[in-house]
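Following: one structure in structure tokens, then a few remarks.
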Amino acid sequence: MPELPDVEIFRRYAEEHALNQEIKKVSIEDDKIAATSPQTISESLRDRQLKKAERIGKYLFLPTERQSVLVMHFGMTGWLEYQKHEKSQYTKASLNFSNGYHLCFVNPRKLGRLHITDNIQEFCRYMEIGPDALAIGEGDFIQKMKKKRGMLKSALMDQSFLSGLGNIYSDEILFQAGLHPKTRISRLNEAHIGHLFSRMKEVLSLAIEHRANPDNMPDHFIIPHRKEGSICPSCGGEVQKDKLSGRGYYFCPRCQAGEEE
DNA sequence: GTCTTTGTTGGCAC
DNA sequence: AGTGCCAACAAAGA
């Protein structure tokens with residue numbers, strides 16, 4: 001679930017519920033998700049407040065009024081829950097506020113991570129997190145693309161190149177742009193890249209407007225049709241499945257013509 | 001029991 | 001150096 005649009009929804013949720021309240025207790029239920037030691041996480045957050053909720057790519061940053069910033073990454077499956085009593089089954093960490101509510105980091109597959117950093121810029125540099133897909137400007141995007149080689153889908157999903165897109169939304173963007181996922185970037189001209197840029201922005205904005213809910217995406221999206229043999233919402237042809245680096249992806253061979261391999 | 005899955009990382013090959 | 005592929009991590013659902 002958590003690609004850029006999902007994390008943006010989590011960011012807004014945290015902003016709405018979890019700011020400006022004293023954190024009385026920090027529980028780490030499973031040390032596996034603590035990229036920074038559980039003790040450091042607790043000590044950095046106890047008796048502090050979260051002051052902001054920011055997002056870069058798939059990372060959520062929650063700065064306190066001091067130096068410390070709580071960093072969340074959700075992995076393949078995860079979300080936030082703000083609630084008073086019962087914690088859901090897969091809560092791996094929670095912040096207990098003075099009003100009795102908890103902000104729960106729910107992460108069934110334990111592939112998410114919590115970090116503490118004192119500098120977001122440095123954290124991004126160290127973790128090699130590229131420019132955010134929603135924040136990058138067209139000029140930068142075109143410049144970077146011109147220097148990149150290999151296959152288009154791989155580039156869009158390369159977090160050090162551009163951050164925020166995963167398997168699902170890269171499929172959607174390529175479908176909307178009418179480009180085959182295995183298109184060689186070197187075969188694209190500046191007009192192609194500019195068009196890809198606007199489709200990327202459009203897909204991300206629309207996804208966020210629809211609260212990143214996959215069951216509630218626009219009719220012209222391919223996301224609801226990510227099934228083999230499903231019907232392409234644009235041409236009525238058949239959606240196909242293929243693999244790239246061991247990962248399944250979906251596309252419409254008619255709308256996304258281009259070199260195979 | 002088998003296969004697949006929305007993410008990341010490290011190792012290997014070219 | 002940059003790129004591609006695979007396995008591993010973990011757990012759930014088809």
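Naming: A, B, ... by sequence-line order, numbering from 1 per chain.
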How about Lys153(A) and Asn167(A): does a side-chain donor come under 3.5 Å of a side-chain acceptor? yes
May I have the distance from Leu244(A) (atom CG) to dT4(B) (atom P), rounded to whole angstrom? 16 Å
Starting at CZ of Arg247(A) and ending at C1' of dC3(B), how long is that distance when rounded to a whole Å? 14 Å
Looking at Glu8(A) and Arg12(A), is any side-chain nitrogen of the basic one under 4.0 Å from a carboxylate oxygen of the acidic one? yes
Any protein N or O atoms within reach of nucleotides 11-14 of chain B? Criterion: under 3.5 Å, listing atom names and distances.
none

Tell me, with the steps shown, if Phe97(A) and His102(A) meet ring pair (Phe, Tyr, Trp, His ring centres under 6.0 Å). CA-CA 6 Å; Phe97(A) 296 108; His102(A) 300 80; 8.5 Å; no
Tell me, please, which residues at least two apart from Lys92(A) pass salt bridge (charged side-chain N to carboxylate O under 4.0 Å, His left out). none
On a heavy-atom basis, which atom in Lys51(A) and which in Glu65(A) lie closest, and how many Å separate them? CG-N, 3.5 Å
Phe251(A) and His180(A) have their tightest heavy-atom pair at CE1-NE2, 3.4 Å
Is there side-chain contact between Ile120(A) and Val71(A), with at least one heavy-atom pair below 4.5 Å? no
Parallel, tilted or perpendicular: which one describes the rings of His17(A) and Tyr82(A), with boundaries at 30° and 60°? parallel
Classify the nucleic acid contact of Tyr90(A) as base, sugar-phosphate or nothing, counting any heavy atom under 4.0 Å across all strands shown. sugar-phosphate
Suppose we screen for salt bridge (charged side-chain N to carboxylate O under 4.0 Å, His left out). Which residues come up paired with Lys52(A), at least two apart in sequence or across chains? Glu54(A)
Would you call Arg66(A)-Asp118(A) a salt bridge at under 4.0 Å N-O? no
In residues 102-122 of chain A, which ones come under 4.0 Å of DNA chain C, going by heavy atoms? Pro108(A), Arg109(A), Lys110(A), Leu111(A)
Please list every stem that involves DNA chain C, where a stem is a run of 3 or more consecutive Watson-Crick or G-U wobble pairs with both pairing distances under 3.5 Å. B:2-5 with C:11-14, B:7-14 with C:2-9
Taking the side chain as every heavy atom from C-beta outward, state whether Leu70(A) and Leu45(A) have any atom pair closer than 4.5 Å. yes
With no hydrogens and no angle check, do the side chains of Tyr249(A) and Asp242(A) hold a donor and an acceptor under 3.5 Å apart? yes
Scan Arg11(A), Arg55(A), Lys201(A) and name whichever one has a salt bridge (Lys or Arg N to Asp or Glu O under 4.0 Å) with Asp132(A). Arg55(A)
Heavy atoms of chain A, cut-off under 4.0 Å: which first and last nucleotide of DNA chain C, 5' to 3', fall inside that, if you could look? dG2(C) to dA12(C)
Would you mind reading off the distance between Ile129(A) atom CD1 and dT9(B) atom P, rounded to a whole angstrom? 9 Å
Got a sec, which residues hit salt bridge (charged side-chain N to carboxylate O under 4.0 Å, His left out) with Asp6(A), two or more places apart in sequence or on another chain? none
Look at Arg199(A) together with Glu202(A) and state whether they make a salt bridge at an N to O cut-off of under 4.0 Å. yes
Should His73(A) be listed as having a side-chain N or O under 4.0 Å from OP1 or OP2 of dG7(B)? no
Using a 4.0 Å cut-off on heavy atoms, which residues in residues 201-214 of chain A reach DNA chain B? List them by number, or say none. none
Please assess Thr117(A) against Asn119(A) for the test side chain to side chain donor-acceptor pair (under 3.5 Å), listing each intermediate value before the final yes or no. CA-CA 6 Å; Thr117(A) 182; Asn119(A) 186 313; over 6 Å; no
Ser88(A) and Thr91(A), any side-chain heavy atoms less than 4.5 Å apart: yes
So, do Phe221(A) and Leu206(A) sit near enough that their side-chain heavy atoms are less than 4.5 Å apart? yes
Contacts of type salt bridge (charged side-chain N to carboxylate O under 4.0 Å, His left out), residue Lys146(A), not counting sequence neighbours: Glu190(A)
Spacing between Lys241(A) atom NZ and dC3(B) atom P, to the nearest angstrom: 13 Å
Counting the atoms with a prime plus P, OP1 and OP2 as sugar-phosphate, which does Lys243(A) contact under 4.0 Å by heavy atoms, base, sugar-phosphate, or nothing? nothing
Selection: residues 145-169 of chain A, any non-hydrogen atom under 4.0 Å of DNA chain B: Gln159(A), Gly166(A), Asn167(A), Ile168(A)
Kindly compute the distance separating CZ (Phe105(A)) from CD (Glu29(A)), expressed to the nearest 0.5 Å. 12.0 Å
Which Ile, Leu, Val, Met, Phe, Trp or Tyr residues join Leu111(A) in one cluster when any pair of side-chain heavy atoms under 4.5 Å counts as a link? Met76(A)
DNA chain B contacts made by residues 27-37 of chain A, counting heavy atoms under 4.0 Å: none
